[in-house]
Enquirer: 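One structure, as structure tokens, below. Some questions next.
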Amino acid sequence: MSNLEFLLIQQALIKKKKVMIESFSARSLEKIHKLDRSVPLVQLTLFKNKKDFTDQKTREWRKYAVGIGLDAKLADKKLIQKMHQNHLKVYVFFFDSKKEKAEQKRVIEDGADGVFTNHLTYTKALLK
């Protein structure tokens with residue numbers, strides 16, 4: 001595939017809203033946002049404490065991101081609601097693959113907008 005073909009496919013996916021970019025790097029996401037504000041961006045976090053999700057942080061994220069990604073260990077109904085009230089979607093990721101399936105069900109019930117998963121078939125069935 002040529003670079004031109006790749007770019008055309010990329011643009012088509014963006015127009016169809018089939019692309020979402022996630023990163024732990026705020027700087028990278030901010031650069032992408034400046035290039036194309038229509039691409040949805042998700043700020044991944046490695047916070048270890050719910051208190052780290054401050055109003056100041058959420059204001060910073062909203063400048064360029066449509067949502068945040070957070071560790072399932074921190075995801076609960078109260079934190080998800082707080083992010084939603086601050087106009088951020090919540091996407092949950094899992095470090096413990098043994099508990100991932102059970103945790104997916106819980107975070108979806110708690111209101112998460114999506115999950116980053118290694119168990120796509122399970123997740124699809126869960127969402128039906």
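Keep in mind the model is a prediction, meaning the values are calculated, not measured.
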Enquirer: Report whether Val39 and Leu35 are members of the same hydrophobic cluster (ILVMFWY, side-chain heavy atoms less than 4.5 Å apart, transitive linking).
Expert: no
Enquirer: Any sub-3.5 Å donor-acceptor pair from His33's side-chain atoms to Leu41's backbone N or O?
Expert: no
Enquirer: Mind checking side chain to side chain donor-acceptor pair (under 3.5 Å) for Lys99 and listing every partner two or more places apart, or none if nothing turns up?
Expert: none
Enquirer: Would you call Asp76 and Lys50 a salt bridge, using N to O less than 4.0 angstrom?
Expert: yes
Enquirer: Within this structure, what is the NZ-CD1 distance for the pair Lys57 and Ile68, rounded to the nearest 0.5 Å?
Expert: 11.5 Å
Enquirer: Check for me, please, whether Val66 and Leu29 land in the same ILVMFWY cluster - side-chain distances under 4.5 Å, paths through other members count.
Expert: no
Enquirer: Quick check for you: to the nearest 0.5 Å, what is the distance between Asp36 atom CG and Ile21 atom CD1?
Expert: 8.5 Å
Enquirer: I'd like to know whether Gln81 forms a side-chain hydrogen bond (donor to acceptor under 3.5 Å, both in side chains) with Gln85, so could you lay out the CA-CA distance, the side-chain angles of the two residues, the decisive distance to 0.1 Å, and finally the verdict.
Expert: CA-CA 6 Å; Gln81 286 176 344; Gln85 288 167 353; 5.4 Å; no
Enquirer: When you compare the side chain of Glu22 with that of Tyr91, does any pair of heavy atoms fall below 4.5 Å?
Expert: no
Enquirer: Should Lys105 and Glu109 count as an ion pair when the cut-off is N to O under 4.0 Å?
Expert: yes
Enquirer: Donor-acceptor pair, Arg62 side chain versus His87 backbone, under 3.5 Å?
Expert: no
Enquirer: Run the side-chain contact (heavy atoms from CB on, under 4.5 Å) check on Leu79 and Leu70 step by step: do they pass?
Expert: CA-CA 10 Å; Leu79 181 57; Leu70 64 124; 3.9 Å; yes
Enquirer: List the steps, then state whether side-chain contact (heavy atoms from CB on, under 4.5 Å) holds for Asp110 with Ile108.
Expert: CA-CA 5 Å; Asp110 282 348; Ile108 289 169; over 6 Å; no
Enquirer: Which pair of non-hydrogen atoms, one from Val42 and one from Gly69, has the smallest distance, and what is that distance?
Expert: CG1-N, 3.5 Å
Enquirer: Between Ile32 and Tyr64, does the side-chain contact (heavy atoms from CB on, under 4.5 Å) criterion hold? Intermediate values first, please.
Expert: CA-CA 9 Å; Ile32 293 167; Tyr64 59 87; over 6 Å; no
Enquirer: Minimum heavy-atom separation for Trp61 and Phe47, please, with both atom names.
Expert: CH2-CE1, 3.5 Å
Enquirer: Nearest 0.5 angstrom please: Asp113 CG to Met83 CE, how far?
Expert: 12.0 Å
Enquirer: Taking Thr58 for its side chain and Asn86 for its backbone only, find out whether a donor-acceptor pair lies under 3.5 Å.
Expert: no
Enquirer: Could you tell me whether the side chain of Val92 reaches within less than 4.5 Å of the side chain of Phe116, counting heavy atoms only?
Expert: no
Enquirer: Applying side-chain contact (heavy atoms from CB on, under 4.5 Å), run through His84 and Leu88 and close with a yes or a no.
Expert: CA-CA 5 Å; His84 285 165; Leu88 289 167; over 6 Å; no
Enquirer: Got a donor-acceptor contact below 3.5 angstrom from the Arg106 side chain to the Lys101 backbone?
Expert: no
Enquirer: So, Lys82 side chain and Lys77 main chain: donor-acceptor pair closer than 3.5 Å or not?
Expert: no
Enquirer: I'd like to check Phe94 versus Val107 (side-chain heavy atoms, cut-off strictly below 4.5 Å). Are they in contact?
Expert: yes
Enquirer: Hey, could you give me the OG1/CG distance between Thr54 and Asp52, rounded to the nearest 0.5 Å?
Expert: 8.0 Å
Enquirer: Pair Ser23, Gln43 - check side-chain hydrogen bond (donor to acceptor under 3.5 Å, both in side chains), show working.
Expert: CA-CA 6 Å; Ser23 178; Gln43 176 65 63; over 6 Å; no
Enquirer: Using ring pair (Phe, Tyr, Trp, His ring centres under 6.0 Å) as the criterion, list what pairs up with Phe93, not counting sequence neighbours.
Expert: Phe95
